[in-house]
There are 2 protein chains.
Amino acid sequence: MTESVFDQAIAVSFEGNRAHASTHPKFHNMVGPFGGITVATICNAVQTHPDAQGRLAAITTNFTSPLSEGDYELELECVRTNSSNQHWVVKGHQGENTPLTATVLLVAERGELRANEIPFPSVGAPEEYAVADGEERPEWSNNYELRFVEGGWEQIAEGPQDDTTSTYWLRHADGRPWDYAALVSSSDTFFPRSFLRAGQWLPAGTITITTYVSADAHVLESAGTDILCSARAQWFGSGLHDQTAQLWTQSGEVLAVSHQLVYSKL
Amino acid sequence: MTESVFDQAIAVSFEGNRAHASTHPKFHNMVGPFGGITVATICNAVQTHPDAQGRLAAITTNFTSPLSEGDYELELECVRTNSSNQHWVVKGHQGENTPLTATVLLVAERGELRANEIPFPSVGAPEEYAVADGEERPEWSNNYELRFVEGGWEQIAEGPQDDTTSTYWLRHADGRPWDYAALVSSSDTFFPRSFLRAGQWLPAGTITITTYVSADAHVLESAGTDILCSARAQWFGSGLHDQTAQLWTQSGEVLAVSHQLVYSKL
């Protein structure tokens, strides 16, 4: 079986605590690479580091400046390991620049209760919705199939909207299964909420994103090919807005929740 | 006017890029200091560093192990400054330990639009609710007055609940006004959502918290003495749960939103 382009894009090789990575042309965005694939690469680097213990529970990534096309290095520091948690600090280097900083939390599985407090959105099955197509869609999005339930790309052209919710079924175009790297990437697949608020495409980009992962290995395995993604903004101000998102299995389990801060002229 | 105990607790003194700080006995929690005051101290250190540019927009703090009572040092690194954003990486040191890591984003004010997408909760004015009292309340909480609208301490004893929402009016007991340090502290004033889920007090603590600040100086100034705080969990699993929170002015402006990951036996 051919390696998924996603796995090619997140591949790293280690030299001590430095992981070498490269941007991938199939994951280009409007400026620099798609942020989700960068977060997934950081996740992959920490997970495959020889000292890694536990599964991903939280990852915060700060985009300090755009990554340029080509190679970059992730400097990994394991700050603390105890019986249940492991904390990492990551810096991304490209030449003299530090375009990325991140912190990563790995955890041991504990506890027995698994429960969702928020309700699963009222949606039909993936096959009830058409695969989205858009001439303006960025290169990276061709690696995914999005089936919008609400708040799709075409809705941007309908003018300014007070509710910026987008909900869609998401799968890898090549059917790649869901793991932690794929989940954190998917949490950044939403187009900026300001596009719906303004009713137009605008210069915009993620400044900082955190994804908290609920899924243990069992829940991940149950995710199949399609996961449900839903996001909205809570506030706009100071040329910024937030985005709060939830990712679900088809059977209604929370896989992860994610929050980000976006700059966008408005 | 006497300096607020809050300001005493977040005070730092600099030696180059190292800020000296101390835990404050009036902000003790069950184990170590109240997390909110630690985040506020990090915020204060970055804001008062000679190189600081812009106002707080996002702060992520990871608690890798409990701070011990006494002195600690914050090692500040300004990773990137451009015309609109400044990114900091912070590590907290105490002896040989690194109990804290953090990233902080400062921004220049931009843009014209200010809007809330989520509705202000349906609540009465602060004076319509009694100031909460509880024998088991931790030391730090005496620096605040909480007036619960729903999900108060007394509700924990009512047994396991499916909705873990707590909403309350919050003020500093000494009437200290709201600024960025105070806001990030307030975002950690919620007791763990697992207490309502389980209907009992449990060992629990914040592992990582991020607060995104919407408020510019004008909104902050309009906050007066009382702000509205509301939080709930979205999921429980793997001995963890999340908490998503919103902070509001009395006139219905979003001040900040916050998200955290909590460990708690369940």
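In what follows, every chain begins at residue 1, and chains take the letters A, B, ... in the order their sequences are listed. Scope of the values below: all heavy atoms of this structure, side chains included, with no hydrogens, waters or symmetry mates.
Between A:L183 and A:T211, every side-chain heavy-atom pair lies at or beyond the 4.5 Å cut-off. Side-chain contact between B:P33 and B:E69 is absent, with no heavy atoms from C-beta onward closer than 4.5 Å. Two residues are said to be in side-chain contact when any heavy atoms from C-beta on lie closer than 4.5 Å; A:R55 and A:L220 fail this criterion.
For chain A, no part of B:V104 is nearby; none of its heavy atoms comes within less than 4.5 Å. For chain A, no part of B:R193 is nearby; none of its heavy atoms comes within less than 4.5 Å. Both the backbone and the side chain of B:T164 come within contact range of chain A, judged by heavy atoms closer than 4.5 Å. Of the atoms belonging to A:A57, heavy atoms from both backbone and side chain fall under 4.5 Å from chain B. Only the side chain of B:N82 has a heavy atom closer than 4.5 Å to any heavy atom of chain A. In this structure, the portion of B:E77 lying under 4.5 Å from any heavy atom of chain A is its side chain and not its backbone. Of the atoms belonging to B:A215, not a single heavy atom falls under 4.5 Å from chain A. Looking at B:R80, the atoms closer than 4.5 Å to chain A (heavy atoms on both sides) all sit in the side chain, from C-beta outward. Contacts between B:S214 and chain A at a heavy-atom distance below 4.5 Å involve backbone atoms as well as side-chain atoms. In this structure, chain A has heavy atoms under 4.5 Å from both the backbone and the side chain of B:T98.
Rounded to the nearest 0.5 Å, atoms CG (B:L74) and OG1 (B:T41) are 7.5 Å apart.
Options A:R197, A:E112, A:Q86 differ in how many heavy-atom pairs under 4.5 Å they form with chain B, and the most are formed by A:R197. By number of non-hydrogen pairs under 4.5 angstrom with chain B, the leading residue of A:G237, A:G111, A:A115 is A:A115. Contact count versus chain A (heavy atoms, under 4.5 Å) is highest, among B:V107, B:V89, B:I207, for B:I207. Between chain A and the options B:D216, B:T81, B:T208, heavy-atom pairs under 4.5 Å are most frequent for B:T208.
For the residue pair B:Y72 / B:T38, no side-chain donor-acceptor distance below 3.5 Å is found, with atom types taken as modelled. No hydrogens or angles considered: a donor-acceptor pair under 3.5 Å links the side chains of A:T167 and A:E150. In this structure, a donor-acceptor pair under 3.5 Å is absent between the side chains of A:T64 and A:N62.
The interface of residues 244-266 of chain B with chain A, defined by heavy-atom distances below 4.5 Å, comprises B:T244, B:Q246, B:V254, B:V257, B:H259, B:Q260, B:L261, B:Y263, B:L266.
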Audit row: A:I118, B:R232, side-chain contact (heavy atoms from CB on, under 4.5 Å) steps and yes/no: CA-CA 9 Å; A:I118 51 171; B:R232 72 180 304 178; 4.1 Å; yes

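For the side-chain hydrogen bond (donor to acceptor under 3.5 Å, both in side chains) test with B:E73, the passing option among B:K91, B:Q94, B:R18 is B:R18; the others fail.
For the pair B:G36 and B:D188, the tightest heavy-atom approach, listed with the atom from each and the gap, is N-OD2, 3.1 Å. When all heavy atoms of B:Q234 and B:D242 are compared, the pair lying nearest together is N-OD1, 2.6 Å. When all heavy atoms of A:A204 and A:S194 are compared, the closest pair comes out as CB-OG, 4.3 Å. Nearest approach of B:F191 to B:I156, heavy atoms of both residues: CE1-CD1, 3.8 Å.
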